[in-house]
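Please read the structure below before turning to the comments.
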There are 2 protein chains.
Amino acid sequence: MATIGDVAQEAGVSRSTASYALSGKRPISEDVRRRVLEAAEALAYTPNAGARALATAQTKVLGLLARFHEDEFAPAMMQYILGVTNTARDLGYDTLLVTEADGVRALRRITDSRMVDGVVLMNVAQDDARLPVLRAAPQPGALVGLPDDCSGLDVFDLDFEEAGRVMVDHLHRLGHRELILVSQPEHVVERGGAYVWRLRDAALERARQLGVTLHAVYGESRQPAAGRLLNESLDAHPAATGLLINNEAAVAALPTVAHARGLRVPEDLSVIGRHSADFAATFSLPYSFVESAPDRLGSMAVRQLVRRVESPAARKEPYVVRFISPELVSLGSTAHPRPRSS
Amino acid sequence: MATIGDVAQEAGVSRSTASYALSGKRPISEDVRRRVLEAAEALAYTPNAGARALATAQTKVLGLLARFHEDEFAPAMMQYILGVTNTARDLGYDTLLVTEADGVRALRRITDSRMVDGVVLMNVAQDDARLPVLRAAPQPGALVGLPDDCSGLDVFDLDFEEAGRVMVDHLHRLGHRELILVSQPEHVVERGGAYVWRLRDAALERARQLGVTLHAVYGESRQPAAGRLLNESLDAHPAATGLLINNEAAVAALPTVAHARGLRVPEDLSVIGRHSADFAATFSLPYSFVESAPDRLGSMAVRQLVRRVESPAARKEPYVVRFISPELVSLGSTAHPRPRSS
DNA sequence: CGCGATCATCGAACCGGTTCGACAATCAGG
DNA sequence: CCTGATTGTCGAACCGGTTCGATGATCGCG
């Protein structure tokens, strides 16, 4: 493999001149520049990443830490990851994907060893143990997910409060007065998934203001428990005419459950989910939903991260906490209510 | 950040001694070793990855190139990726995930710059343009997916022929004599997804041998086209009693389609899918399936890759083409046939 | 024609590790 | 007690880039 020394020799100049000719950081005469570029081309020269990292203290690599525990919804994770990797590449960065169970150790490894210029943390929990480590690291960091303490880091998340309100408002406007909200299991919340509560609490609050009855239930985000949860909830609240689902697995289970119970959507039951557009498209789910845009969130996090990485000025700016507004995508699964129980 | 020079100074030895004490590559007296280790601990020393890569010509990073075009099924990709990243970490490697559209350029970048010690290529097409680049690269490579030319690379894939035969055999044994096989769209095949044909051809061949009628149809792997395809196929072949589905989107669409047509599974129609166990579990799909194990494939590819990376002897071994055997996971969606059309 | 300013290039040092060969100290054997 | 082998440590070189300061050539100007 050709080094910059080979290129310099081939062009008949010194190594430093070759370097300047390639980087353009100092004026170089036109014919020397041309000779160097031709030599580099001829030798198929590519700078050694390790050497460059050592010299410049920059790796042009971003770290992406994702958690994959029982309750993480893998298809959604894929969207986040694509948002991050594609945006990073557009900005000139590669992405080191770390899925190790021990996130703290993984984070220490990639930051202390200077493998990465910055880090995106996904599935951030309220009291995430990785946060103090990231704050102490020399590289800047961005979060996807809202922790209790946002200091020292840029934070990006869906506006779950607004999502809850949008769902309730929509069905209230159609005339519904009794709703069921299906959330993720409580142990997701206990592990730090406060977003489940943020949506639920905002929905409950809005329902109270509007005089709507809202039954909040929780359940597993795996099958077949998610289907069972739906059945039990519908049994327990026979007068409910609308179903709000903040739980992908439960959305996926609904067609089968509805079929088995002989329920038509939206004639017998209005339904709104909360998930990504990709999820809906891939699985042929004909339910309206409040869109979470995981790829957009990942993309935003990377943009801000790279800003801080590349500009010393940006590194001193105040940290941001930015929410993206949920949008209701209507697929016709909501209508004016008809009493469910005959 | 502490360097090995700081550690050496703190321990009162030379840099080289510190290095040997930490690596154990030369005998070091007990108390010097102890002093060095204590100094490293006290200073929270972590070797600089770039410097180490430069000195050792090893990065301890593997490249993972995944394609995400219209027809790639993102949830399945996630499983592949997890199989790769988790196994890589177990073996001491981090993973650089590249999802760039221009795979050839991406591959050149990460191999020429020596960012990675080896490369796993996913979604390998028959005449994949990345293959010649990878063969010419100094790093070893492993493929997930079977191309026309396997030379110079280790190849891992599901045994799609066997998968096709297993599906046909199973329904034949139950007494079915007319089946429909739903495959992925033809343009997937044109772009190099020969596995679609491998399964189909083996299924057709086995069907012929057994005297079973098999209608092979193709369709989009997106919604709602996948559902439409199912409807059209069932309309076109009313006497078929069994459905084989090598198309995740079509599997996902089936509950809705079956519901709409008033078809009961397995009473009216026996169904076998071809996808991962994770897919079935996540989406509550109560259909028996021939399991493709994406995580296992990714894991196998990495193991072999790392063997070649780490052992010069292994690098000279003949290249392998290894298929994993499909297993039929029964979820009760097959039964003895009853004529569908009354 | 001589002066200083400008421009292009070079040599050397540095980034932070690893590794080779040399050397001093210790040890066992004759 | 001297020798030769063994053990532990050190200094220097190297990996392949980047960058600073210096130097020589060229130029315009008085």
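Note on naming: letters A, B, ... go to the chains in the order of the sequence lines (proteins, then strands), and numbering restarts at 1 for each one.
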May I have the distance from D112(B) (atom CG) to dG17(D) (atom P), rounded to whole angstrom? 12 Å
Given DNA chain C, 5'-ward residue of the pair T56(A) and R33(A), judged by closest heavy atom: R33(A)
May I have the distance from R52(B) (atom CZ) to dG16(D) (atom C1'), rounded to whole angstrom? 18 Å
When rounded to whole Å, the CG to C1' distance for the pair N48(B) and dG17(D) reads 13 Å
Considering just the side-chain nitrogens and oxygens of T3(B), establish if one lies under 4.0 Å of OP1 or OP2 belonging to dG16(C). no
Between CD of Q58(A) and C1' of dG17(D) the distance, given in whole Å, is 14 Å
Does a distance-only test, which skips hydrogens and angles, find a donor-acceptor pair under 3.5 Å between the side chain of S29(B) and the base of dG8(D)? no
Roughly how many Å is it from CE in M1(A) to P in dG17(D), rounded to a whole number? 10 Å
D31(A) and S29(A): side chain donor to acceptor below 3.5 Å: yes
Base dG11(D) paired with R15(B) side chain (donor-acceptor, <3.5 Å): no
For the side chain of A55(B), counting heavy atoms from C-beta on, which of dC10(C), dG16(D), dC15(D) is nearest? dC15(D)
Has the side chain of R26(B) got a donor or acceptor that lies under 3.5 Å from a partner of the other kind on the base of dT19(C)? no
Residue whose nearest DNA chain C nucleotide is more 5′ - T17(A) or L22(B): T17(A)
Mark yes or no for a side-chain to base donor-acceptor pair under 3.5 Å between Y20(A) and dC20(D), with no hydrogen or angle criteria applied. yes
Verify whether one side chain among Y195(A) and Q126(A) offers a donor that lies under 3.5 Å from an acceptor in the other. no
If I take atom CD1 in residue I4(A) and atom P in nucleotide dC15(D), what distance separates them, rounded to the nearest angstrom? 15 Å
Is there a donor in the side chain of N86(A) and an acceptor in the side chain of T99(B), or the other way round, less than 3.5 Å apart? yes
Counting side-chain heavy atoms from CB outward, which of dC10(D), dT19(C), dG16(C) is closest to K25(B)? dT19(C)
Can you find a donor-acceptor N/O pair under 3.5 angstrom joining the side chain of S16(B) to the base of dG11(D)? yes
Whole-Å distance separating the CG atom of L54(B) from the P atom of dA13(D): 17 Å
Option from V98(B), V104(B), D102(B) for which side-chain contact (heavy atoms from CB on, under 4.5 Å) with R109(B) holds: V98(B)
Touch check for S19(B), heavy atoms < 4.0 angstrom, all strands: base, sugar-phosphate only, or nothing? base
Between D94(B) and V61(B), is there a donor-acceptor pair closer than 3.5 Å when you use the side chain of the first and the backbone of the second? no
Provide, to the nearest angstrom, the distance between the CD atom belonging to E30(B) and the P atom belonging to dT26(C). 18 Å
